[in-house]
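The structure appears right after this line, and notes come after that.
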Amino acid sequence: MRNIGHFEQADLRVTDLGAASDFFINVMGLEEISRDENATYLGCGYDNNVDLTLVKGGTGVQRFTLRTGDGDDLDWATHRLSDAGVEHELLTDAAPGQTNSLRFTLPEGHDMELVTVQDNRYREAYRQQPARHGVTPIDGDHINLISSTINGINNFFF
């Protein structure tokens, strides 16, 4: 059984990067991990990985990632995508804390990545997190994809 499937991170496009960053840090309680002129990388604090990237320009989900267990899982997925004729790209350091990434586009147009991460441990969810402002979510755990048809994604994954 392949160790692929834990939701790791999403990129969210925003029209005002400063206001969105302020909201997710001061209202939602996420921690800033890194920032550049086009993106703010945020974590929930459950591990040391990025959970949400705010990307300057537009609105909506730009891409999402699932965590893989190791490079063997990425190799397996690379072969599966190649066999299916799906264009893909191997990257390193795609986001802070991500070591390797396999990026591709789903049949419905959603961008997806499979990633390996530096911090692949999990803290116990029941342990109290350091006090922060806002809601302070523990971790992201899923994403919903909106599609005009379900068949393309179902056929791709199953």
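Counting from 1, the numbers follow the sequence of the chain as shown.
Leu54 CG to Lys56 NZ: the interatomic distance, rounded to the nearest 0.5 Å, is 13.0 Å. The distance from the CG atom of Leu90 to the CG atom of Leu102 is 5.5 Å, given to the nearest 0.5 Å. Residue Gln98 holds its CD atom at 11.0 Å from CG of Leu114, rounded to the nearest 0.5 Å. Atoms CG and OG1, from Asn38 and Thr53 in turn, are 12.0 Å apart once rounded to the nearest 0.5 Å. Rounded to the nearest 0.5 angstrom, Glu32 CD and Thr40 OG1 are separated by 6.0 Å. Rounding to the nearest 0.5 Å gives a distance of 9.0 Å between NE2 of His79 and NE2 of His88.
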* Report the C-alpha separation of Leu66 and Glu8 in whole Å, then their side-chain angles, then the decisive distance to 0.1 Å, and conclude whether the side-chain contact (heavy atoms from CB on, under 4.5 Å) test is met. => CA-CA 5 Å; Leu66 300 180; Glu8 184 63 27; 5.9 Å; no
* Take Met28 and Leu42, measure what side-chain contact (heavy atoms from CB on, under 4.5 Å) needs, and give me the verdict at the end. => CA-CA 11 Å; Met28 295 304 295; Leu42 304 168; over 6 Å; no
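Nearest heavy-atom pair, Asp51 versus Cys44, reported as atom, atom and distance to 0.1 Å: OD2-N, 2.7 Å. The shortest heavy-atom contact between Phe64 and His110 is CE2-CB, 4.4 Å. When every heavy atom of Arg35 is checked against every heavy atom of Ile25, the shortest pair comes out as NH2-CD1, 4.0 Å.
Residues Trp76 and Leu91 do not share a hydrophobic cluster, defined by chaining ILVMFWY side chains whose heavy atoms lie under 4.5 Å apart.
Checking side-chain atoms of Thr68 against main-chain N and O of Val115 turns up a donor-acceptor pair under 3.5 Å. Judged by distance alone, with hydrogens and angles left aside, the side-chain atoms of Arg13 form no donor-acceptor pair with the main-chain N or O of Val55 at under 3.5 Å. Thr65 places no side-chain N or O within 3.5 Å of a backbone atom of Glu113 that could act as its donor or acceptor partner.
Side-chain N/O atoms of Asn100 and Thr92 include no donor and acceptor closer than 3.5 Å.
With sequence neighbours excluded, no residue forms a side-chain hydrogen bond (donor to acceptor under 3.5 Å, both in side chains) with Ser34. Asp70 meets the side chain to side chain contact (heavy atoms under 4.5 Å, CB included) test with Asp72, Asp73; sequence neighbours excluded.
Counting heavy atoms from C-beta outward, Arg63 and Gln9 have side chains that approach closer than 4.5 Å. Between Asp16 and Phe23, the closest side-chain pair of non-hydrogen atoms is not below 4.5 Å.
The hydrophobic cluster containing Tyr41, built from Ile/Leu/Val/Met/Phe/Trp/Tyr side-chain heavy atoms closer than 4.5 Å, also comprises Ile33, Val50.
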